[in-house]
Amino acid sequence: DQQVKQNSPSLSVQEGRISILNCDYTNSMFDYFLWYKKYPAEGPTFLISISSIKDKNEDGRFTVFLNKSAKHLSLHIVPSQPGDSAVYFCAATPTGNQFYFGTGTSLTVIP
Amino acid sequence: ETGVTQSPTHLIKTRGQQVTLRCSSQSGHNTVSWYQQALGQGPQFIFQYYREEENGRGNFPPRFSGLQFPNYSSELNVNALELDDSALYLCASSLFRGRGETQYFGPGTRLLVL
């Protein structure tokens, strides 16, 4: 039972343009959401998070949007850079201990 | 500030054997969570330890067990290894808040079961 879904396995974007990564969830009890970036042979690196009491959170080039009614969140990267090429995972938790992860989206930023 | 470290980085075992994986949490963190990541999948929660007690468990059989030590480091033990246990095992540490905490991951241990 996949409670967090990333339906796009891969995404290619030109350098300097916007990257939009999407994530859907089914559990209405989720109240904290995170995005992680993962390079090969490394563990996931925390990028940005958002609490369910907000609908937007920004950190530099990264912005996460949360639409609770649609059970949807997205990560915007502007402008995209070649170093952003990695696999991106969204994660959600209802309690703070058990995190549910999506299957990841592989982002390629083309120079 | 020291990040999350895991050992060993790679391991090869045969079916039926037992394995112990180790994790040192980030300084200042008191909670350790373990995840299994199969190829092409996202990390799957195994369990979490807080104050040396199990604080939540995912859908994994009892042959997956763990320990947390007073210095907040942790071990994951897997008995009677099966071929499907081949995966990347990730450890994540956090500062327990009850909700809204961020978990920080180590580089993982890649286990291959033959």
Side-chain angles (χ1 to χ4, degrees), chain A residues 1-10 21-27 29-54 57 59 62 64 66 73 86-106, chain B residues 1 3-7 9-10 21 23-26 29-51 53-60 66 68 87-110:
Chain A
D1 177 24
Q2 193 73 23
Q3 298 190 45
V4 177
K5 298 178 183 178
Q6 293 176 258
N7 292 318
S8 297
S10 62
L21 297 98
N22 294 304
C23 180
D24 297 296
Y25 62 95
T26 58
N27 189 339
M29 298 300 292
F30 287 153
D31 68 353
Y32 189 60
F33 305 86
L34 309 91
W35 283 94
Y36 286 86
K37 178 169 76 171
K38 188 178 185 302
Y39 294 117
E42 294 183 13
T45 302
F46 169 70
L47 262 182
I48 191 168
S49 62
I50 187 166
S51 163
S52 60
I53 62 172
K54 294 185 173 183
N57 189 27
D59 184 1
F62 302 92
V64 56
L66 176 63
L73 69 156
V87 178
Y88 289 77
F89 291 97
C90 66
T93 178
T95 60
N97 62 350
Q98 182 165 354
F99 281 32
Y100 295 82
F101 282 79
T103 52
T105 296
S106 178
Chain B
E1 184 179 270
V4 179
T5 60
Q6 292 186 243
S7 63
T9 55
H10 295 82
L21 310 181
C23 171
S24 291
S25 59
Q26 183 170 312
H29 287 180
N30 55 12
T31 302
V32 174
S33 303
W34 285 93
Y35 291 81
Q36 180 194 67
Q37 185 179 12
L39 206 59
Q41 301 296 315
Q44 298 287 317
F45 177 72
I46 303 174
F47 42 58
Q48 182 184 80
Y49 277 82
Y50 168 61
R51 290 186 175 177
E53 298 283 334
E54 191 177 283
N55 181 45
R57 188 179 183 93
N59 190 25
F60 280 80
Q68 186 183 31
L88 179 68
Y89 288 85
L90 293 162
C91 165
S93 75
S94 56
L95 182 61
F96 182 82
R97 291 196 183 99
R99 60 191 316 118
E101 62 202 51
T102 297
Q103 297 185 354
Y104 295 86
F105 285 82
T109 293
R110 187 160 295 282

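To find a chain, count down the sequence lines: A is the first, B the second, and so on, and within it residues start at 1.
Ring centroids of A:Y100 and B:F45 are separated by 6.0 Å or more, keeping the two rings apart.
Atom OH of B:Y104 sits about 7.5 Å away from atom OH of A:Y36, to the nearest 0.5 Å. If you take CD1 on A:I48 and OG1 on B:T102, they are separated by 10.5 Å, rounding to the nearest 0.5 Å. Rounded to the nearest 0.5 Å, atoms CZ (B:F105) and NZ (A:K38) are 10.5 Å apart. Rounding to the nearest 0.5 Å places CD of B:Q44 at 9.0 Å from CD of A:Q98.
Of all the heavy atoms in A:G43 and B:L90, the pair that sits closest is CA-CD2, 4.0 Å.
Note on B:G106, B:G56, B:A92, B:P43: by heavy-atom pairs under 4.5 Å with chain A, the leading option is B:P43.
Interface residue A:Y32: only side-chain heavy atoms are found under 4.5 Å from chain B. Interface residue B:L88: only side-chain heavy atoms are found under 4.5 Å from chain A. Neither the backbone nor the side chain of A:F33 comes within less than 4.5 Å of any heavy atom of chain B. With a 4.5 angstrom heavy-atom cutoff, B:R110 does not touch chain A via any of its atoms.
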Identify each donor-acceptor pair in which a side-chain atom of residues 32-40 of chain B lies under 3.5 Å from a protein atom, sequence neighbours left out, and give them as a table.
| from | atom 1 | to | atom 2 | distance (Å) |
| --- | --- | --- | --- | --- |
| B:S33 | OG | B:Q48 | NE2 | 3.1 |
| B:S33 | OG | B:Q103 | NE2 | 3.3 |
| B:W34 | NE1 | B:S74 | OG | 2.9 |
| B:Y35 | OH | A:F99 | N | 3.4 |
| B:Y35 | OH | B:Q103 | OE1 | 2.8 |
| B:Q36 | NE2 | B:Y89 | OH | 2.9 |
| B:Q37 | NE2 | B:Q41 | O | 2.9 |

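When the side-chain contact (heavy atoms from CB on, under 4.5 Å) test is applied to B:R51, no partner is found at least two apart in sequence or on another chain.
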